[in-house]
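To start, the structure itself, in structure tokens.
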Amino acid sequence: MSDSSTESLNFIEEIIENDLKTGKYSQIITRFPPEPNGYLHLGHASSICLNFGLTKTFPGYTNLRFDDTNPSTEETEYVDSIKEDIKWLGFEWKHEFYASDYFDMLYDFAVKLIKNNLAYVDDSTSEEIAIMKGSPVQPGTDSPYRTRSVEENLDLFSRMKAGEFADGSRTLRAKIDMKHTNMLMRDPVLYRIKKAHHHRTGDKWCIYPMYDFAHGQSDSIENISHSICTMEFIPHRELYDWLIEKLEIYPSHQYEFARRNVNYTVTSKRKLLQLVTDNYVESWDDPRMPTISGLRRRGYPPSAIRNFCERIGIGKRENLVDIGLLEFFVREDLNKSASRVMAVLEPIQLTISNYPSEQTELLPIENNPEDEASGQREVPFSNKLWIEREDFKEVMEKKWFRLAPGAMVRLKGAYIVKCTDFKKDIQGNISEIICEYIPESKSGSDTSGINVKGTIHWVSQIHAATAEVRLYDRLFKVENPAAEEGDFLDYINHDSLQIISKAYIEPSLLDAELGQAFQFIRKGYFVLDKNSNSDKLIFNRTVTLKDNWAKVQGK
RNA sequence: UGACCGAUGGUGUAACGGUAACACAACUGUUUUUGGUGCAGUUUUUCAAGGUUCGAAUCCUUGUCGGUCAACCA
């Protein structure tokens with residue numbers, strides 16, 4: 001994360017700076033409150049960087065709190081992945097808490113409301129409650145059970161807890177105002193009956209608090225000073241404050257920012273889950289997924305994600321951030337850190353007619369021109385090479401710097417060669433390129449005086465190893481699939497994964513380690529996939545290099 | 001028909017009543033044994049109309065447009 005001491009503050013930092021300056025707080029406490037019912041994604045990254053970043057710049061700390069009040073959708077598997085992802089992003093929480101830790105306290109809070117005639121047990125069905133709720137432009141009507149006595153409510157609520165009633169048969173509701181312009185203030189449901197097994201409390205409870213009766217109270221219990229959430233919770237703030245006031249507990253405050261949307265992807269848990277269950281992708285950590293685990297498997301460095309979140313900032317307006325900006329930060333990081341290697345993805349044979357067929361040389365080549373400390377490695381060279389099919393053209397063109405009959409190029413780290421001939425197979429496809437090399441043009445000791453415009457990568461045939469290479473493209477064909485007409489699945493890019501089952505790679509890559517980033521020269525950044533083994537190497541393309549030539553061609 | 005939130009280059013975010021800026025993108029040129037990187041430069045901006053003020057992106061009013069709210073989800 002960059003030093004932001006001289007940079008301007010976002011609106012939440014301004015609020016905090018002011019709170020600190022006026023002495024309202026001497027330190028701040030924030031929290032990151034995921035529900036363990038799915039994997040973390042790019043949208044969460046923004047919230048994580050915000051909440052944890054705040055307590056890096058200001059005195060205080062951040063808690064991790066799982067908002068686990070709905071046992072039917074939540075699982076320990078998700079808890080584990082969430083913790084792993086936060087750590088990988090580079091953040092540490094002070095306390096690991098669960099809303100379910102507070103179920104006893106929450107129950108007592110509810111009893112207090114009932115005693116103060118501020119909550120009642122309602123026997124209405126959910127349909128009836130929905131009808132009585134009215135609409136945004138229509139006031140609601142009071143439930144017939146709204147006037148029950150405190151004693152009866154106390155009795156009924158304890159029997160709800162004791163499991164005497166069926167799921168959905170009764171609820172506990174706050175007694176506020178059925179004509180309130182804010183729908184959430186129209187006697188919101190606080191507790192529902194749900195005889196479900198909870199991933200932490202087991203079968204102890206058969207009533208569970210709703211979000212509005214758990215989140216703010218958990219914030220208060222933890223003395224959270226600044227409870228930051230996304231804008232769809234703005235209407236909840238009034239209820240959040242009402243409950244804290246009536247319960248007379250620590251006054252946490254809620255602040256809202258606009259969730260970050262990124263183009264060419266989706267970040268709704270429901271949609272991501274559907275992509276996985278309907279097999280549009282392999283798994284939650286498929287490298288095409290915008291999940292943190294997907295980005296990690298794709299080879300995105302955590303620092304790139306942090307820089308991205310820092311750079312896009314936060315605001316309160318609708319937004320659609322360009323994924324290209326994230327890719328910029330990925331390239332920026334990897335350009336400095338990734339070792340350069342040579343790999344040929346779509347091979348064609350290049351034969352050097354004047355290089356002895358039995359001869360082999362080990363050529364020293366720099367590992368990273370951006371990092372002198374990275375040193376050199378030795379790459380074997382011989383008279384038969386694999387080069388990229390797209391680096392040859394049958395007829396020369398203007399501005400073409402690569403191979404064509406009569407043209408000369410530098411073989412990276414080796415010699416300058418001149419194309420003298422090429423062969424075609426029966427189908428008319430080019431099958432072999434014949435070149436002559438210039439012996440005195442050897443890299444590092446070039447006395448040929450020849451200057452060539454183009455340099456291409458290569459792999460020696462007899463020394464080459466092979467690997468599967470997976471090329472990824474964006475998962476959707478349109479910028480904002482969620483906003484498009486019809487089903488978002490209609491906009492899936494079915495060419496988002498291209499598998500090259502046999503690419504030729506230089507032998508040094510046999511020592512590649514999981515998580516190690518490479519630049520395949522002129523092709524992009526790649527990382528070893530977790531499913532690789534010594535029999536079969538698999539490389540994922542993290543991101544391409546910027547390609548000005550492709551841009552020129554496109555015009 | 002209501003309440004709430006918002007509107008600054010193509011995108012995202014600053015400017016806190018005093019010269020509209022930063023990053024990305026785009027475009028030039030340059031360097032380069034990666035058509036990568038680096039370097040130099042160019043283009044492009046305050047939703048509208050009124051008002052307050054010496055001075056408004058900023059404050060006020062009205063309008064327009066966009067978003068959110070009617071789960072026993074979070």
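Per chain, numbering begins at 1; letters A, B, ... match sequence-line order. Side-chain atoms are counted along with the backbone in the values below, which use heavy atoms only and exclude waters and symmetry mates. What you see is a predicted model, and the numbers here were worked out from it, not measured in a lab.
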Report the nucleotide, chosen from [options], that has the shortest atom-to-atom distance to any side-chain atom of [X].
| X | options | answer |
| --- | --- | --- |
| A:Asn319 | B:G12, B:A26, B:U33 | B:G12 |
| A:Leu325 | B:C24, B:U33, B:G35 | B:C24 |
| A:Asp322 | B:G2, B:U11, B:U34 | B:U11 |
| A:Arg260 | B:G35, B:G12, B:A26 | B:G12 |
| A:Lys316 | B:U1, B:G6, B:U33 | B:G6 |

Electrostatic pair A:Arg200:A:Asp101 at N-O distance under 4.0 angstrom: yes
Salt bridge A:Glu366-A:Lys412, side-chain N to carboxylate O under 4.0 Å: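 Salt bridge: yes.
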Where does the angle between the aromatic ring planes of [X] and [Y] fall among parallel (under 30°), tilted (30 to 60°) and perpendicular (over 60°)?
| X | Y | answer |
| --- | --- | --- |
| A:Tyr437 | A:Tyr355 | perpendicular |
| A:Tyr39 | A:Trp284 | parallel |
| A:Trp386 | A:Tyr504 | parallel |

If the [atom1] atom of [N] is compared with that of [M], how far apart are they to the nearest Å?
| N | M | atom1 | answer |
| --- | --- | --- | --- |
| B:A14 | B:A23 | P | 16 Å |
| B:U44 | B:G50 | C1' | 29 Å |
| B:U62 | B:A71 | C1' | 37 Å |
| B:U28 | B:G55 | C1' | 38 Å |
| B:C24 | B:U43 | C1' | 15 Å |
| B:G18 | B:U64 | P | 31 Å |
| B:C59 | B:C73 | C1' | 41 Å |
| B:A7 | B:A48 | C1' | 12 Å |

Can you find a donor-acceptor N/O pair under 3.5 angstrom joining the side chain of [X] to the base of [N]?
| X | N | answer |
| --- | --- | --- |
| A:Arg311 | B:C22 | yes |
| A:Arg522 | B:U34 | no |
| A:Gln519 | B:U34 | yes |
| A:Ser443 | B:U33 | yes |
| A:Glu370 | B:G36 | yes |

Under 4.0 angstrom, heavy atoms only, what part of the nucleic acid is [X] near: base, sugar-phosphate, or nothing?
| X | result |
| --- | --- |
| A:Ile314 | sugar-phosphate |
| A:Gly444 | base |
| A:Arg186 | nothing |
| A:Leu545 | base |
| A:Gly413 | base |

[atom1] of [X] versus [atom2] of [N]: gap in Å, rounded?
| X | N | atom1 | atom2 | value |
| --- | --- | --- | --- | --- |
| A:Asn10 | B:G12 | CG | P | 17 Å |
| A:Glu238 | B:A3 | CD | C1' | 10 Å |
| A:Tyr255 | B:G6 | OH | C1' | 20 Å |
| A:His180 | B:C4 | NE2 | C1' | 12 Å |
| A:Arg259 | B:C5 | CZ | C1' | 15 Å |

Ring centroid separation A:Tyr264 to A:Phe476 under 6.0 Å: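 Between A:Phe476 and A:Tyr264, which both carry aromatic rings, the centre distance is not below 6.0 Å.
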Ring centre gap for A:Tyr525 and A:Phe520 strictly below 6.0 Å: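 No, too far apart.
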Output yes when at least one side-chain N/O atom of [X] is less than 4.0 Å from OP1 or OP2 of [N], else no.
| X | N | value |
| --- | --- | --- |
| A:Lys453 | B:U33 | no |
| A:Arg331 | B:C24 | no |
| A:Lys546 | B:U37 | yes |

Residues A:Arg173, A:Arg146; criterion side-chain contact (heavy atoms from CB on, under 4.5 Å); working and verdict: CA-CA 9 Å; A:Arg173 299 178 70 183; A:Arg146 199 175 201 266; over 6 Å; no
Lys NZ or Arg CZ of A:Lys271 over A:Phe488 ring: under 6.0 Å, within 45°: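 A:Lys271 over A:Phe488 ring: yes.
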Letter per nucleotide, 5' to 3', of nucleotides 69-74 of chain B [B base touched, S only sugar-phosphate touched, - untouched; heavy atoms, 4.0 Å]: SB-BSB
Heavy-atom side-chain contact between A:Leu50 and A:Ile314 under 4.5 Å: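 Heavy-atom side-chain distance check passes, below 4.5 Å.
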Within 6.0 Å of NZ in A:Lys453, more than 12 heavy atoms from elsewhere: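 No - once you tally the heavy atoms of other residues, nucleotides and ligands closer than 6.0 Å, there are 12 at most.
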Separation between CG of A:Asp212 and OH of A:Tyr240, rounded to the nearest 0.5 Å: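 So the gap between those two atoms works out to 11.0 Å.
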Range-with-range stems for RNA chain B, at least three Watson-Crick or G-U pairs under 3.5 Å: B:2-7 with B:64-69, B:10-13 with B:21-24, B:26-30 with B:38-42, B:47-51 with B:59-63
